[in-house]
2 protein chains.
Amino acid sequence: MDRAALSDVLPRLPIGALSRRTGCNVETIRYYERAGILPHPARSEGGHRMYGTAHVMRLGFVRRARELGFTLDEVRALLRLVDQEDHACVEARELAARHLQAVRARLADLQRMESVLAGMIECCGGSVRPECPLLETLFDGGEVEGKSCSGEA
Amino acid sequence: MDRAALSDVLPRLPIGALSRRTGCNVETIRYYERAGILPHPARSEGGHRMYGTAHVMRLGFVRRARELGFTLDEVRALLRLVDQEDHACVEARELAARHLQAVRARLADLQRMESVLAGMIECCGGSVRPECPLLETLFDGGEVEGKSCSGEA
DNA sequence: CTTGCACCTGTAGTCACTACAGGTACCATA
DNA sequence: TATGGTACCTGTAGTGACTACAGGTGCAAG
């Protein structure tokens with residue numbers, strides 16, 4: 001598949017149609033153009049943006065990368081690799097691997113949050129203590145995990 | 001523990017000391033004041049902010065809540081509950097439970113990202129195909145999971 | 001030829017900070 | 001008491017990735 005060869009096919013999609021086709025907000029498409037993610041499209045006589053198949057594909061690429069949590073900077077880097085003739089597979093892999101590390105770090109963070117929150121809520125639910133143990137925990141920074149939870153004295 | 005009773009003890013901490021004690025950035029402390037999270041502290045003759053024990057505790061509360069991923073709006077709501085005499089345990093629990101749901105949703109998102117990314121990277125690593133399968137996947141939106149990965153033809 | 005929608009540009013708002021610039025207070029030492 | 005080096009002050013602007021206007025113009029169907 002030579003993607004460059006598709007560049008000028010169907011160059012008459014206005015921005016709303018591109019939006020519907022890709023599921024990407026109109027404002028976001030214009031933003032991506034300003035941000036250097038999408039190239040400036042052709043314009044109609046009256047100044048309306050006119051897109052072709054190449055744009056549809058590129059925007060699809062961007063959307064999928066964003067859904068995987070790549071930042072726009074990372075997306076720009078991926079697009080640079082795409083735009084080279086030899087697709088620099090190794091670099092793409094490295095970029096993705098670094099991103100995967102970041103995702104896993106965030107995942108670990110969230111898992112910690114999840115368990116602390118779940119513990120606090122459970123603790124609070126069965127409470128017969130005068131003060132709210134949930135708010136207490138936030139106040140004194142006490143560990144929820146491994147604590148008796150029913151309260152002593 | 002009556003927290004209100006501690007309000008005026010040790011009211012002579014300047015912002016840098018509060019920062020060191022709580023691990024919260026000086027700029028962030030001032031931001032929290034502007035944002036209505038922390039009350040306006042007393043001032044020295046020359047206009048420097050002077051904090052007491054109550055502020056130390058409140059800021060600790062805010063920090064811990066933020067670390068659990070509560071938004072500042074949620075933190076404000078939690079603080080309102082704290083500031084009521086009857087600590088409204090049920091409401092705190094509901095707030096935390098809603099937040100836990102959000103955390104779990106985000107967790108599920110990230111887990112999906114993680115598995116797709118890991119799959120893409122694995123696929124790319126063993127590639128003998130001409131094009132980069134990682135970039136290809138981003139282009140055509142093909143599923144990585146359950147695909148042969150070694151390439152056919 | 002008119003109507004009404006789609007499109008245009010440019011700017012400002014979101015969230016939770018962070019980073020200045022340009023100026024003043026505080027406090028320890030000489 | 002003078003001085004010097006911090007620590008502090010206010011106000012504004014920047015971050016990322018959009019989103020939401022306001023106020024104006026193009027386009028295509030009837």
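A, B, ... follow the sequence lines: proteins, then strands. Residue 1 opens every chain.
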Subject >> Side-chain N or O of B:Y32 closer than 4.0 Å to phosphate OP1/OP2 of C:dA16 >> reply: no
**OP:** Kindly point out which of D:dC18, D:dA17, C:dT9 is positioned nearest to the side chain of A:T71?
**Re:**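 For A:T71, the side-chain atoms sit closest to D:dA17.
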Original post:
Who pairs with A:D109 by side-chain hydrogen bond (donor to acceptor under 3.5 Å, both in side chains), at least two apart in sequence or on another chain?
Top reply: A:R112
Original post:
Taking for each residue the nucleotide of DNA chain C bearing the nearest heavy atom, is the 5' side occupied by B:M50 or by B:L72?
Top reply: B:L72
Separation of [N] [atom2] from [X] [atom1] (nearest whole Å):
{"X": "A:R66", "N": "D:dT19", "atom1": "CZ", "atom2": "C1'", "answer": "14 Å"}
{"X": "B:R63", "N": "C:dA16", "atom1": "CZ", "atom2": "P", "answer": "15 Å"}
{"X": "A:E33", "N": "C:dC7", "atom1": "CD", "atom2": "C1'", "answer": "13 Å"}
{"X": "B:I37", "N": "C:dC17", "atom1": "CD1", "atom2": "C1'", "answer": "12 Å"}
{"X": "B:I15", "N": "D:dA7", "atom1": "CD1", "atom2": "C1'", "answer": "10 Å"}
{"X": "A:Y31", "N": "C:dT14", "atom1": "OH", "atom2": "C1'", "answer": "13 Å"}
{"X": "A:F70", "N": "D:dA17", "atom1": "CZ", "atom2": "P", "answer": "13 Å"}

Subject >> salt_bridge(B:E27, B:R30) N-O dist < 4.0 Å >> reply: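 Salt bridge flag = yes for B:R30 with B:E27.
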Original post:
Do NZ/NE/NH1/NH2 and the carboxylate oxygens of B:D83 and B:R76 come within less than 4.0 Å?
Top reply: no
**OP:** Evaluate side chain to side chain contact (heavy atoms under 4.5 Å, CB included) for B:L138 paired with B:L134, printing each intermediate quantity in order.
**Re:** CA-CA 7 Å; B:L138 285 172; B:L134 200 158; 4.2 Å; yes
Original post:
Taking protein heavy atoms under 4.0 Å as touching, what does nucleotides 20-30 of chain D look like 5' to 3' if B marks base contact, S marks sugar-phosphate-only contact and - marks none?
Top reply: BB----SS---
Original post:
What pairs with A:H99 under ring-ring contact (aromatic ring centres under 6.0 Å, His included), at least two apart in sequence or on another chain?
Top reply: A:F70
